[in-house]
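The structure appears right after this line, and notes come after that.
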Protein chains: 2
Amino acid sequence: MTAASLRARVRAEMTDEIKAAARRHLATDGANLSLRAVARDLGMASSAVYRYFASRDELLTALIIDAYDSLGEAAENAPDTGSAVDRWLAVCHAVREWALANPHEWALVYGSPVPGYQAPTDTVEPAIRVILTLGRIVQDASASGEVEPGEPIGGRLGEDLAMVAERAAPGAPPQLVGRSIAGWIHLCGAVSAELFGQLNNTIEQRRDFFEFQMRGALTWIGLRASS
Amino acid sequence: MTAASLRARVRAEMTDEIKAAARRHLATDGANLSLRAVARDLGMASSAVYRYFASRDELLTALIIDAYDSLGEAAENAPDTGSAVDRWLAVCHAVREWALANPHEWALVYGSPVPGYQAPTDTVEPAIRVILTLGRIVQDASASGEVEPGEPIGGRLGEDLAMVAERAAPGAPPQLVGRSIAGWIHLCGAVSAELFGQLNNTIEQRRDFFEFQMRGALTWIGLRASS
DNA sequence: GCCATACCGAGAGCACTGCTCTTGACGGCG
DNA sequence: CGCCGTCAAGAGCAGTGCTCTCGGTATGGC
């Protein structure tokens, strides 16, 4: 007998099965998936699902957290060798490939907010895993001089960025952190554009164009290949 | 009596009223707004709405087209003076400000695709108005030499970009068009990030940071202030 | 001026949704 | 061994998109 009681173990398995079924429905119905349909798939009454998730929103929250964690893991497992440029690009491609493999989870997490849904605070920690991964790269590059610090940023924006830098990449100059956030935003935009169909009937060489964009962003961010 | 019959005029007004009410509901319910609720607001039976829109999807399509047109108009009305850099930045700010004023329409159009919704072909023409506006700026800049052409892009991606260039900015080098599309994608990403809450609790100086990003993208794109 | 026609609004109805409440039964812990 | 916590199921409520049918009304042709 494991430490967890049988009751608890069965419950955990059931919870996972519900989430798996819900993920399947995410593909067809998006964020407004039908709890009843999920229950039907599992051969149980819809009311039974409420034993495991108090509401549809709570189920969505679980899916969101899983998605963030899965994406965060993919980013952290990206090849971590070579220059800062290589590492950054590896994370970019890892994020893009995860999104291509899990398009509906990407939409759930980085698409339009679900109307009426308020993300609980449990979601913020897994949400920033990718950014922290990028932050580490920038921090390392900054420490080893693989970077153009660039013009400092004054005013309130400078203060904002200094505070973010303290949390995400201590020691890196705020302006570099600002450019890095911009790079992350561009990354999100590029993935969303590809996934949401904005490139349809224009650019077919998606991977090449993506890399082109990310390399372009990198030149502005100021990461250098290792000297 | 006007050229249009009274019947047709009343019908057009009714159609507009339905769209206006639907836009109001967009704010609370997003893309899955309730046709019945819209009908209730207008004091009519839900079935009557179907005289004007064959389905909820058709209503959404009308809202999408209106949103694209409204955004396109905002972009085209952006100050059209000064250097290519100034014009490009003016369009960026116009887009952002439109999105801030109409967040739910932005989400409808650039957010996650509505599940099960297939955009009809009528939407593509209004959809590209903003891109064409940017294309004109790049084309002008290219013609007047306000631009760094940059390294040519070979391979299939080069062909893709050449075809896009032909449509959106004839005469401009494909690599410049590629960088411009990347700039447009960054613009979309920056607006979405701000609107969808990714900047919450980090950067408060939204406008400054947005301009910072767009200027950064511009340096890479290679537009110069007029010489 | 009249009438067939096209259009329009209302209502009922179908199958579906999220969610609640009650009921009955089973299983693990003291 | 008994009891209590947990579970699944079913009925039910209010709401949804959409269809169909039914009367009423304005329009265009004669």
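Source: prediction; values computed, not measured. Chain identifiers are assigned alphabetically (A, B, ...) following the order of the sequence lines, protein sequences preceding nucleic acid strands; residue numbering begins at 1 within each chain. In what follows, every heavy atom counts, from backbone to side chain, and hydrogens, waters and symmetry copies are set aside.
Look at B/Arg11 and you'll find a side-chain N or O under 4.0 angstrom from OP1 or OP2 of C/dC8. For the OP1/OP2 pair of C/dG9 and a distance below 4.0 Å, the side-chain nitrogens and oxygens of B/Tyr50 include no atom meeting the criterion. At C/dG9, one or more side-chain N or O atoms of B/Tyr52 fall inside 4.0 Å of OP1 or OP2 (strictly under the cut-off). In this structure, B/Ser46 does not reach the D/dG17 phosphate: none of its side-chain N or O atoms is under 4.0 Å from OP1 or OP2. Between B/Arg40 and the phosphate of D/dA14, there is no side-chain N or O to OP1/OP2 separation shorter than 4.0 Å.
With hydrogens and angles left out, the side chain of B/Arg56 and the base of D/dG17 share no donor-acceptor pair within 3.5 Å.
Residue A/Leu33 is in sugar-phosphate contact alone, with no base atom involved, counting any heavy-atom pair closer than 4.0 Å across all strands shown. Residue-level contact check: B/Ser47 touches the bases, meaning some heavy atom is under 4.0 Å from a base atom. A/Leu42 comes within 4.0 angstrom of no nucleic acid atom, judged by non-hydrogen atoms across all strands.
By the 4.5 Å heavy-atom criterion applied to side chains, B/Met44 and B/Ile18 are counted as neighbours. In this structure, A/Ser192 and B/Tyr110 have side chains that are not in contact, with every pair of non-hydrogen atoms separated by 4.5 Å or more.
Straight-line distance from the CD atom of B/Glu58 to the C1' atom of D/dT19: 16 Å, rounded to whole Å. Atom CZ of B/Phe53 and atom P of C/dC7 are 17 Å apart (whole Å). Rounded to a whole Å, the CD atom of B/Glu13 is 19 Å from the P atom of C/dC7. As rounded to whole Å, 14 Å separates atom C1' of C/dG18 from atom CG of A/Asp29. Remark: P of D/dG17 and CG of B/Leu60 are 10 Å apart, rounded to the nearest angstrom. To the nearest angstrom, P of D/dG10 lies 13 Å from CE of A/Met44.
Residue order along DNA chain C, read from the 5' end via each residue's closest nucleotide, puts B/Met14 first among B/Met14 and A/Asn32. Comparing A/Arg36 and A/Val49, the nucleotide of DNA chain D nearest to each residue sits closer to the 5' end for A/Val49.
In plain terms, the two heavy atoms of B/Gly116 and B/Asp57 that are nearest each other are O-OD2, 4.1 Å.
Looking at B/Asp208 and A/Arg156, no side-chain N of the basic residue comes within less than 4.0 Å of a carboxylate O on the acidic one, giving no salt bridge.
Annotation: A/Glu125, atom CD; neighbour count of heavy atoms from other residues, nucleotides and ligands within 6.0 Å does not exceed 12.
Closest to the side chain of A/Leu35, out of D/dC18, C/dG18, D/dT16, is C/dG18. Of the candidate nucleotides D/dC22, D/dT16, C/dT23, C/dT23 has the atom lying nearest to any side-chain atom of A/Arg51.
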